[in-house]
Amino acid sequence: RNQVKEKETIIEKREKEISTLKEEKIRLEALLEHTHSEKTEAVNKSKVYEDKNTILDRELHGKNELIEDLKNKLMAKGDELREKLKEYNVVIVVSQIAIQQRLRTSFHHHIIT
């Protein structure tokens, strides 16, 4: 009779342990599911950031090309303007010489007459 009571007590303890372990298993499975969801969310966010990064890289590359193109056009325009300036300077110098010659001629003519 005593042995039966001991065995019943042991069985009750084991059943409580089993019940506690089942509850712990359920809690851990829920935690695992939550962790898996967070991981999935983090992976998805990572993909979104990678996609945004790729788009920004493309935009940056395009803007860098545009800047390079505009810089080249600006340099070409600067070269063109320098050439025109040289031509204008030549015209100005030639005009000044012509004016000076006319003034001399006019002055000489004035003195002579």
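This structure is a prediction, so every number in the text was calculated from the model and none was measured.
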For a salt bridge (charged side-chain N to carboxylate O under 4.0 Å, His left out) check, start with the C-alpha distance between E17 and K13, then their side-chain angles and the critical distance, and finish with the verdict. CA-CA 6 Å; E17 285 176 5; K13 281 183 182 177; over 6 Å; no
Salt bridge (charged side-chain N to carboxylate O under 4.0 Å, His left out), that's the test. Do K47 and D51 meet it? Break it down for me. CA-CA 6 Å; K47 285 178 185 170; D51 291 347; over 6 Å; no
Any ion pair linking R27 and E23 (charged N to carboxylate O, less than 4.0 Å)? no
Could you give the distance from [atom1] ([X]) to [atom2] ([Y]), rounded to the nearest 0.5 Å?
{"X": "E12", "Y": "K7", "atom1": "CD", "atom2": "NZ", "value": "15.0 Å"}
{"X": "H61", "Y": "N64", "atom1": "NE2", "atom2": "CG", "value": "8.0 Å"}
{"X": "E65", "Y": "L60", "atom1": "CD", "atom2": "CG", "value": "10.5 Å"}
{"X": "K71", "Y": "D69", "atom1": "NZ", "atom2": "CG", "value": "11.5 Å"}
{"X": "E15", "Y": "K22", "atom1": "CD", "atom2": "NZ", "value": "9.5 Å"}

Would you say that L56 contacts E59 through its side chain, given a criterion of any heavy-atom pair below 4.5 Å between the two side chains? yes
side-chain contact (heavy atoms from CB on, under 4.5 Å) assessment of L74 paired with L70: CA-CA 6 Å; L74 190 59; L70 290 171; over 6 Å; no
Donor-acceptor list for residues 31-44 side chains, cut-off 3.5 Å, not counting sequence neighbours:
from, atom 1, to, atom 2, distance (Å)
H34, NE2, E38, OE2, 3.0
T35, OG1, L31, O, 2.8
S37, OG, E33, O, 3.1
T40, OG1, H36, O, 2.9
N44, ND2, T40, O, 3.4

Could you tabulate the donor-acceptor pairs under 3.5 Å formed by side-chain atoms of residues 79-100, not counting sequence neighbours?
from, atom 1, to, atom 2, distance (Å)
D79, OD1, R82, NH2, 2.7
E83, OE2, K86, NZ, 3.4
N89, ND2, L85, O, 3.4
S95, OG, V91, O, 2.8

